[in-house]
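Presented below is the structure to which this report refers.
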Amino acid sequence: MTQILTALFGAVTGTETITLTETQRALLLEKGRFAAILGPGTHRVPRSNAVIERHDIDRLRFVSGFDRALFRTRPDLAEPHLTEVTTGPDEIALITRDGKPVEVLMPDARIVLWRDAGPFEVERLGIADDLTVAPQLARRLIAAGFGAILAQFRVLDGHVGMLFVEGVLAARLDPGLHAFWARIRDVTVKMVDLRARAHEVTGQEILTKDRVTIRVNLTALFRVTDAERAVTAVRDFDEALHRALQLALRRQLGAQTLDQILADKGEGLGFDAVRAEMAGIGIDLGEVALKDVILPGEMREILNRVVTAEKEAEANVIRRREETNATRSLLNTAKVMAENPVMLRLKELEALETIAGKVQHLTVHNGTRGLLDEVATLRD
């Protein structure tokens with residue numbers, strides 16, 4: 001019955017009824033002009049010559065094609081329900097509700113919020129001189145889902161980050177998490193490892209002074225001592241170090257013969273000029289050494305034969321020396337026996353004793369006189 005009466009009343013008055021919940025608002029225009037902003041409840045609005053635009057205030061923003069005209073022509077109607085926030089070219093507005101970020105307004109931007117969804121607090125941050133976001137604020141923004149508007153960089157222990165803003169070195173970043181406002185200016189960070197480490201120069205084919213092609217591998221210890229100079233003096237300091245070592249290696253090994261290279265094993269190589277060059281770009285070059293010297297297959301066979309021949313010659317010399325020593329010892333023994341017959345007879349007895357210990361019966365054909373004459377004489 002109530003619905004019928006309401007419909008009859010609307011037909012007579014030319015109106016209709018709309019109902020809004022606590023989270024809804026409606027912008028009403030009559031005959032093309034702003035008439036009201038309707039709150040929760042039941043409202044009667046004209047059936048014709050009226051525009052009703054419903055909004056959900058849980059979305060916080062007032063998004064409408066009429067917002068600028070509303071503030072310009074009916075500020076008295078807009079201000080009780082809406083709040084307008086704008087930013088300049090060098091500032092960012094952080095909008096919070098209940099202490100939590102709900103909107104971040106970038107430079108030269110504008111936003112309209114429903115007051116009934118607040119209260120809101122607006123914090124303005126200047127970015128003219130510094131794009132850095134404090135770590136605590138960065139964590140709050142990330143937790144609230146605004147990580148996309150931040151450029152985040154994590155610098156590890158033993159490293160340093162070199163901050164470039166639009167291609168210009170701006171700051172040095174210590175280990176830790178760093179965040180900057182993105183989408184405003186180009187922000188990049190180049191990580192530099194400050195720890196001592198090795199650089200390898202591998203597979204270098206070099207023609208020696210005696211025209212033998214060899215392949216060598218080099219290792220060098222280095223450490224970055226001046227990160228600012230290392231990233232600004234050259235495009236890539238690792239590449240600069242590699243090329244300097246490569247050229248110095250070719251220059252020095254190309255002036256030596258294969259025998260000199262194998263004899264020195266790289267100890268005679270000098271890299272003082274490379275050290276001075278690297279010091280100019282903030283790199284301390286330490287020990288440099290040859291790791292491997294790889295010969296062609298036929299050259300390895302030749303060297304193996306040479307080494308084998310040398311070792312055989314050394315073995316022959318040692319063998320002849322031992323034979324000479326043995327002969328000299330026998331000669332000395334013979335001289336002693338010739339000068340002392342008793343020593344000869346003792347040797348005969350030792351030989352007889354050795355033989356007798358190995359057989360069961362021993363027969364002496366020349367009698368015992370010749371063998372024992374001296375023994376008998378010694379007894380007398």
Side-chain angles (χ1 to χ4, degrees), residues 155-162 169 188-318:
V155 182
L156 303 178
D157 281 337
H159 294 69
V160 65
M162 307 310 299
L169 181 61
T188 58
V189 173
K190 182 176 179 59
M191 302 297 176
V192 180
D193 191 343
L194 300 180
R195 299 171 296 181
R197 48 199 171 110
H199 184 84
E200 305 289 339
V201 181
T202 60
Q204 300 299 304
E205 291 191 356
I206 299 174
L207 185 65
T208 63
K209 186 177 180 179
D210 49 356
R211 299 185 181 280
V212 178
T213 300
I214 60 175
R215 189 163 67 246
V216 297
N217 297 328
L218 180 78
T219 183
L221 298 179
F222 76 100
R223 184 170 61 88
V224 177
T225 56
D226 190 337
E228 287 81 358
R229 292 168 65 188
V231 298
T232 56
V234 293
R235 185 178 66 85
D236 187 336
F237 62 84
D238 280 316
E239 181 181 352
L241 174 61
H242 184 88
R243 291 191 178 278
L245 290 172
Q246 185 184 51
L247 293 175
L249 181 65
R250 289 180 175 277
R251 183 169 54 251
Q252 297 190 45
L253 292 187
Q256 297 183 13
T257 64
L258 178 60
D259 290 338
Q260 290 174 332
I261 295 172
L262 295 179
D264 294 342
K265 297 180 181 178
E267 295 180 359
L269 298 178
F271 289 89
D272 293 338
V274 179
R275 288 188 175 89
E277 180 183 352
M278 292 299 101
I281 63 173
I283 295 177
D284 178 24
L285 181 61
E287 182 181 359
V288 182
L290 283 180
K291 288 180 60 178
D292 305 297
V293 178
I294 304 171
L295 303 176
E298 61 274 10
M299 184 57 65
R300 286 200 300 270
E301 294 178 2
I302 294 172
L303 287 180
N304 288 335
R305 290 200 295 270
V306 170
V307 172
T308 301
E310 290 177 351
K311 296 303 180 184
E312 288 178 352
E314 292 178 3
N316 288 333
V317 170
I318 294 173

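For this chain, numbers begin at 1 and follow the sequence in order.
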(request) Measure from the side-chain N and O atoms of R215 to the backbone N and O of V293, and report whether any donor-acceptor pair falls under 3.5 Å. (result) no

(message) If I compare all heavy atoms of R223 with all of L194, which pair ends up nearest, and what's the gap?
(response) CG-O, 3.2 Å

(message) Can you confirm whether T257 sits close enough to T208 that some side-chain heavy atom of one is under 4.5 Å from a side-chain heavy atom of the other?
(response) no

(message) Quick one: does any side-chain atom of R275 pair with a main-chain N or O of G286 as donor and acceptor, under 3.5 Å?
(response) yes

(request) Spell out, as yes or no, whether a donor-acceptor pair under 3.5 Å connects the side chain of R250 to the backbone of E205. (result) yes

(request) Specify the closest pair of heavy atoms between Q260 and Q256, including all atoms of both residues, with the distance to one decimal. (result) OE1-CA, 3.3 Å

(message) Measuring from atom CG of L207 to atom CD1 of I214, what distance do you get when rounded to the nearest 0.5 angstrom?
(response) 9.0 Å

(request) Return the minimal non-hydrogen interatomic distance between L249 and L218, and the atom names on each side. (result) CD2-CB, 4.1 Å

(request) Please round to the nearest 0.5 Å and tell me the distance separating atom CG of L285 and atom NE2 of H199. (result) 10.0 Å

(request) Determine, stepwise, if the pair M162 / M191 fulfils side-chain contact (heavy atoms from CB on, under 4.5 Å). (result) CA-CA 6 Å; M162 307 310 299; M191 302 297 176; over 6 Å; no

(request) Measure the spacing between CZ of R251 and CD1 of I206 and express it to the nearest 0.5 Å. (result) 11.0 Å

(request) Compare all side-chain heavy atoms of F222 with those of V288 and state whether any distance is below 4.5 angstrom. (result) no

(request) Search all heavy atoms of A244 against all heavy atoms of E277 and return the closest pair with its distance. (result) CB-OE1, 4.0 Å

(message) If I take atom CG from residue L253 and atom CD from residue Q204, how far apart are they, to the nearest 0.5 angstrom?
(response) 10.0 Å

(request) Specify the closest pair of heavy atoms between D193 and G158, including all atoms of both residues, with the distance to one decimal. (result) OD1-O, 3.4 Å

(request) Measure the shortest side-chain to side-chain distance between L169 and T232 over non-hydrogen atoms and say whether it is less than 4.5 angstrom. (result) yes

(request) Using a cut-off of 6.0 Å, state whether more than 12 heavy atoms not belonging to R243 lie near its atom CZ. (result) no

(request) Using modelled atom types only, decide if a donor and an acceptor are shared between the side chain of H242 and the backbone of A240 within a distance under 3.5 Å. (result) no

(request) Measure the spacing between CZ of F237 and CZ of R229 and express it to the nearest 0.5 Å. (result) 13.5 Å

(message) Donor-acceptor pair, distance only, cut-off 3.5 Å: does the side chain of T225 make one with the backbone of G282?
(response) yes

(message) How close do T219 and A198 get, counting heavy atoms only, and between which atoms?
(response) OG1-CB, 4.0 Å

(request) Could you check V192 against H159 for side-chain contact (heavy atoms from CB on, under 4.5 Å), going step by step and ending with a plain yes or no? (result) CA-CA 5 Å; V192 180; H159 294 69; over 6 Å; no

